[in-house]
2 protein chains.
Amino acid sequence: MRLVRAAIDLYAEQGYETTTVTQVAERAGLTKATFFRHFPDKREPLFAGQAEHGALLAAGAAQAAADATPLEVVAAALDHATAAFTPEQREFAPRLRDVVAAHDELRERAAFKRAHLTDVLTTTLRERGVDEATAAVAAELGVEAFHRAFEHWSDGDGASYGELARHELHALHAAATSLR
Amino acid sequence: MRLVRAAIDLYAEQGYETTTVTQVAERAGLTKATFFRHFPDKREPLFAGQAEHGALLAAGAAQAAADATPLEVVAAALDHATAAFTPEQREFAPRLRDVVAAHDELRERAAFKRAHLTDVLTTTLRERGVDEATAAVAAELGVEAFHRAFEHWSDGDGASYGELARHELHALHAAATSLR
DNA sequence: TCTGTCGATGAGACCGTGTCTCATCACCGT
DNA sequence: ACGGTGATGAGACACGGTCTCATCGACAGA
């Protein structure tokens with residue numbers, strides 16, 4: 001979407017706060033009114049790509065074997081979410097991450113999206129009969145792994161997202177089981 | 001603060017979106033300009049009470065013994081944060097919780113505040129030499145326990161916040177160590 | 001070819017949030 | 001009485017976000 005590209009460019013070039021929605025729209029050859037027909041607010045174009053993350057995690061978890069352990073369900077979810085991390089996304093990832101990190105208003109939205117992912121995983125696990133505390137812990141580990149993998153993947157070590165996520169989840173699991 | 005009371009009352013009575021800042025200010029006998037001298041935006045009066053939570057957690061963690069385990073540090077932090085949950089706060093807690101839960105804009109701010117608490121705990125643990133993964137997991141368990149305890153405390157089973165937090169942390173820890 | 005529908009867009013009015021500047025006023029120490 | 005200081009009021013302002021009405025092109029059918 002041209003609006004997404006325009007938003008990332010302008011927010012990165014001249015800062016998020018000093019950029020007006022009208023500017024973003026005009027760079028995309030559109031008007032303010034049209035911008036708000038595509039996005040509910042000024043921040044959302046930066047997170048539009050993440051809309052599918054929740055759906056992918058849920059779908060992946062649903063595909064796990066009926067007798068899978070909570071962690072196996074989370075691993076299946078992460079594995080399935082790999083589909084969202086295409087080479088094309090990789091182009092935008094670093095700038096996107098930097099822009100978001102630089103503005104509280106955007107970090108706030110990011111925190112909200114993250115909470116949503118945690119909810120999705122927790123709910124899925126609960127529906128499989130996992131007890132509350134275990135579901136919550138497994139979901140948090142999964143989302144933490146998800147984000148850590150994204151960070152590394154953005155930096156572009158060349159590793160595939162799937163491998164990174166598996167590695168992070170394993171490390172967090174090891175930390176969790178040996179916690180005292 | 002009169003503004004905080006006015007905000008909670010109006011947001012609960014007639015909804016958050018349909019309430020204007022001018023209305024909140026006027027109920028407190030002030031004007032819009034003065035409102036923004038006390039709070040950076042329309043949402044913040046609802047979270048002003050939580051400003052000290054981060055500081056309390058950090059202070060509590062700092063007081064833990066030098067050879068305390070990560071979980072003991074987190075427990076010390078939670079124990080110290082108990083100071084914020086006074087009987088007077090209990091009066092506002094249920095309505096506050098309901099209002100926040102009813103509006104995405106407010107849930108977003110809540111998620112951000114939660115992320116901040118996680119950062120505080122993680123940083124504190126890292127400074128104590130705890131490795132990254134362990135610090136992250138311990139911090140997340142701590143914050144999750146913090147919030148679960150707050151939920152129960154808001155419902156007013158009469159239990160003290162400290163006891164609730166200890167109980168939740170213990171349950172989450174048990175779930176984490178037996179995770180597979 | 002004419003016509004009518006539909007989806008996407010533009011134009012522009014409108015309200016509320018949040019910022020800023022200037023003026024006022026109470027309080028306080030001298 | 002004086003000057004300083006901090007809190008407040010008044011009001012202009014830019015921008016975010018909503019809404020309504022008009023326009024335009026694509027397309028289907030007579």
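Chain A is the first sequence line, chain B the second, and so forth, proteins listed ahead of strands; every chain is numbered from 1. Computed from a prediction, not measured in an experiment: that's the story for all the values here.
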Correct closest heavy-atom pair for A:Ala6 and A:Arg27 would be CB-CG, 3.8 Å
A:Gln89 and A:Ala84 have their tightest heavy-atom pair at CG-O, 3.5 Å
Strictly under 4.0 angstrom, non-hydrogen atoms only: write out the protein contact profile of nucleotides 8-14 of chain C, one letter per nucleotide from the 5' end, B, S or -. -BBBB--
Value in whole Å for how far the [atom2] atom of [N] lies from [atom1] of [X]:
X        : N      : atom1 : atom2 : result
A:Phe35  : D:dG16 : CZ    : P     : 9 Å
A:Arg109 : D:dG16 : CZ    : P     : 14 Å
B:Glu26  : D:dT8  : CD    : P     : 15 Å
B:Gln23  : C:dT17 : CD    : C1'   : 14 Å

Under 4.5 Å side-chain heavy-atom separation, chaining through any Ile, Leu, Val, Met, Phe, Trp or Tyr, what else clusters with B:Phe112? Say none if it is isolated. none
Please give the remaining members of the hydrophobic cluster of B:Val100, linking ILVMFWY side chains under 4.5 Å, ordered by chain and number. B:Met1, B:Leu3, B:Val4, B:Ile8, B:Leu10, B:Tyr11, B:Tyr16, B:Val21, B:Val24, B:Leu30, B:Phe35, B:Phe36, B:Phe39, B:Leu46, B:Phe47, B:Phe92, B:Leu96, B:Val99, B:Leu106
Identify, residue by residue, the members of residues 4-20 of chain A with a heavy atom below 4.0 Å from DNA chain C, and return them in order of residue number, or none. none
Check whether any side-chain heavy atom of B:Glu132 sits under 4.5 Å from a side-chain heavy atom of A:Arg148, and report yes or no. yes
Could you give the angle between the helix axes at the two ends of the helix from C:dT1-D:dA30 to C:dT30-D:dA1, with five pairs per end, rounded to 10 degrees? 10°
Would the distance check show the side chain of [X] and the main-chain N or O of [Y] forming a donor-acceptor pair, the cut-off being under 3.5 Å?
X        : Y        : value
A:Ser154 : A:Pro94  : no
A:Thr118 : A:Glu140 : no
A:Thr177 : A:His173 : yes

Does the plane of the ring in B:Phe150 sit parallel, tilted or perpendicular to the ring in B:Phe85? Use 30° and 60° as the thresholds. tilted
Which of B:Val130, B:Thr123, B:Leu125 passes side-chain contact (heavy atoms from CB on, under 4.5 Å) with B:Glu127? It is B:Thr123
Among residues 41-50 of chain A, which ones have heavy-atom contacts with DNA chain D below 4.0 Å? A:Asp41, A:Lys42
Which residue is it: A:Arg43, A:Arg114, A:Arg107, A:Lys113? I am looking for the one with a salt bridge (Lys or Arg N to Asp or Glu O under 4.0 Å) to B:Glu108. A:Arg43
Carboxylate-amine/guanidinium contact B:Asp131 B:Arg126, below 4.0 Å: no
When A:Glu44 is tested against each of A:His38, A:Gln50, A:Arg109 for side chain to side chain donor-acceptor pair (under 3.5 Å), which residue passes? A:Arg109
